[in-house]
Participant: 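Here it is: the structure, laid out below.
This one's a predicted model, so the numbers in the text were calculated from it and none came from an experiment. Atoms considered below: every heavy atom in the structure, side chains included; atoms not considered: hydrogens, waters and symmetry mates.
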Amino acid sequence: MKITKPRLALICGILCISIFPILIKLRLTPGLISAFYRMAIAVSLLLPYVLLTKNFKLPNTKFVILAALCGVLFGSDVAVWNIAIQESSATQASLLTNLSPLWVGIGSFLFLKSKPATNFWIGTVVALFGMITLVGFSFFINLSFDSAFLLAVLSGILYSIYLLVSKNVLSEVDVLSFMTISLLASSIYLGILCYFLNEPFTGFSNTGWFVLVLQAVICQLCAWLSISYATQHMRATRVSLSLLSQAVLTSILAWLFLDEMITLQMIIGGIILLFGIRITFYDKTITLKNLFSKN
């Protein structure tokens, strides 16, 4: 499989967002305020850059509104996902949020001209089976259908809508302008929400502030500039399914830095997950011959 610039950007973006669950597990700041500072710090760094370098181009009103909507959708997704992790477990929240490729596939089929290929659906089934294997089948016995469950599912739906809308916007708007408008809208929206819900804007430890900056620079700016570029040049379905691979990388990082154990079952699940993602990148219809051959 040839590594093109969009695919390389997607890989870089996935690497950057893989550390996010690790940072959230530290629980150094509340979930909602963490989402606000992730967006606010990111836009405070990006806005001066695009203005000074004259890389910001104001699109027409329609796409300004859609880009702002993307900011609200993405901000809501991050906030809901943060709360879901802190009220349940990172495993449950990550698994349910990662149902987003299914919602993206359905949304693409209904609303986009570019319909998901058969390979996408095959790859989705294989990748989701790999995800289930990675977290463990026994996990589902203890699955709690509570508010955290609903929040995690909602996060996946918001995430999928964001990817579909952003794909439409990025067909007409450059990545830097899109990200600037999106982050600004997201920051204002989350700031108002935090204010009315009496979330603490200060009082965090030095480590807490450092983690907030790290989330903004690595998990937001670096990650989503890369992923937005990939979304601009690739199918939304492929991008959404490829993002599942962050679960494998997060597990490795958790093993390195949080002393979480990696089992043989997790390794097998990770291999199946990555294999499912690889299937979606075949341009030909899947056959046993070309599935296992090099290309």
Side-chain angles (χ1 to χ4, degrees), residues 9 12-13 16-17 20 23-24 29-83 154-155 157-202 204 208-232 236 239 243:
C12 291
C16 290
I17 60 175
F20 184 63
L23 300 177
I24 291 297
T29 55
L32 189 56
I33 203 70
S34 173
F36 163 71
Y37 275 115
R38 171 175 167 173
M39 306 303 166
I41 296 173
V43 76
S44 67
L45 295 173
L46 181 62
L47 186 58
Y49 171 77
V50 296
L51 292 178
L52 289 172
T53 59
K54 298 181 180 180
N55 280 314
F56 179 77
K57 299 174 183 177
L58 187 67
N60 63 43
T61 304
K62 173 187 174 181
F63 287 104
V64 169
I65 293 172
L66 287 175
L69 175 61
C70 285
V72 173
L73 286 169
F74 188 76
S76 299
D77 165 43
V78 173
V80 166
W81 192 71
N82 287 1
I83 296 169
L154 176 61
S155 174
I157 294 173
L158 289 168
Y159 192 33
S160 61
I161 297 173
Y162 166 80
L163 284 175
L164 291 171
V165 176
S166 65
K167 175 65 177 177
N168 181 35
V169 179
L170 287 165
S171 65
E172 300 291 337
V173 181
D174 67 277
V175 172
L176 286 174
S177 299
F178 166 75
M179 284 290 293
T180 302
I181 297 169
S182 175
L183 282 172
L184 191 59
S186 187
S187 300
I188 294 171
Y189 161 69
L190 288 173
I192 293 172
L193 199 60
C194 288
Y195 176 78
F196 283 105
L197 293 177
N198 296 316
E199 289 286 320
F201 285 88
T202 58
F204 313 127
W209 284 112
F210 174 74
V211 168
L212 289 174
V213 172
L214 204 61
Q215 287 181 39
V217 175
I218 304 299
C219 305
Q220 188 59 42
L221 277 182
C222 295
W224 285 95
L225 283 171
S226 299
I227 294 170
S228 294
Y229 175 80
T231 303
Q232 190 177 46
V239 173
L243 291 175

Participant: Please find the pair of heavy atoms, one from Pro59 and one from Ile181, that lie closest to each other, and give the distance.
Facilitator: CD-CD1, 3.7 Å

Participant: Less than 4.5 Å apart, any side-chain heavy atom of Leu221 and any of Leu183?
Facilitator: yes

Participant: Restricting to non-hydrogen atoms, name the atom on Glu199 and the atom on Pro30 that form the minimum distance, rounded to 0.1 Å.
Facilitator: OE1-CB, 3.5 Å

Participant: Does the side chain of Val211 come within less than 4.5 Å of Thr29's, by heavy atoms?
Facilitator: no

Participant: Is the side chain of Asn168 donor-acceptor paired with the backbone N or O of Ser171 at a distance under 3.5 Å, no angle test?
Facilitator: no

Participant: Is there a donor-acceptor contact under 3.5 Å from the side chain of Tyr37 to the main chain of Trp209?
Facilitator: no

Participant: Counting heavy atoms not belonging to Phe201, are there more than 12 under 6.0 Å from its CZ?
Facilitator: yes

Participant: Compare every heavy atom of Val173 with every heavy atom of Gln232, then report the nearest pair and how far apart it is.
Facilitator: NE2-O, 3.4 Å

Participant: Just grab all the ring-ring contact (aromatic ring centres under 6.0 Å, His included) pairs involving residues 160-194, residues at least two apart or on different chains.
Facilitator: Phe74-Tyr162, Tyr162-Trp224

Participant: Tell me, do Phe36 and Ile33 make a side-chain contact under 4.5 Å, heavy atoms counted?
Facilitator: yes

Participant: Between Ser228 and Leu225, is there a donor-acceptor pair closer than 3.5 Å when you use the side chain of the first and the backbone of the second?
Facilitator: no

Participant: Roughly how far, to the nearest 0.5 Å, is OG of Ser76 from CG of Leu32?
Facilitator: 9.5 Å

Participant: Where do Val165 and Cys70 come nearest, in terms of heavy atoms and distance?
Facilitator: CG1-SG, 3.5 Å

Participant: Looking only at atom types and distance, does a side-chain atom of Ser44 sit under 3.5 Å from a main-chain N or O of Ile41, one as donor and one as acceptor?
Facilitator: yes

Participant: Could you report the tightest heavy-atom contact between Ser226 and Cys12, atom names first, then the distance?
Facilitator: OG-CB, 4.2 Å

Participant: List the atom pairs, donor and acceptor, that lie under 3.5 Å between side-chain atoms in residues 51-58 and the rest of the protein, sequence neighbours left out.
Facilitator:
unit_1: Thr53; atom_1: OG1; unit_2: Tyr49; atom_2: O; d: 2.6
unit_1: Thr53; atom_1: OG1; unit_2: Asn55; atom_2: ND2; d: 2.7

Participant: Quick one: side chain to side chain donor-acceptor pair (under 3.5 Å) partners of Ser34, sequence neighbours excluded?
Facilitator: Gln215

Participant: Can you check whether Ile17 reaches Ile227 side chain to side chain, under 4.5 Å on heavy atoms?
Facilitator: yes

Participant: Between the side chain of Ser187 and the main-chain N/O of Met39, is any donor-acceptor distance below 3.5 Å?
Facilitator: yes

Participant: Side chains of Ile192 and Ile188, heavy atoms from C-beta outward: is any pair under 4.5 Å?
Facilitator: yes

Participant: Mind checking the CD1-CD1 spacing from Ile161 to Ile157? Nearest 0.5 Å is all I need.
Facilitator: 7.0 Å

Participant: Hey, what do you get for OG (Ser177) to CD (Glu172), rounding to the nearest 0.5 Å?
Facilitator: 13.0 Å

Participant: Might you point out which heavy atoms bring Val43 and Leu184 nearest each other, and give the distance in Å?
Facilitator: CG2-N, 3.8 Å

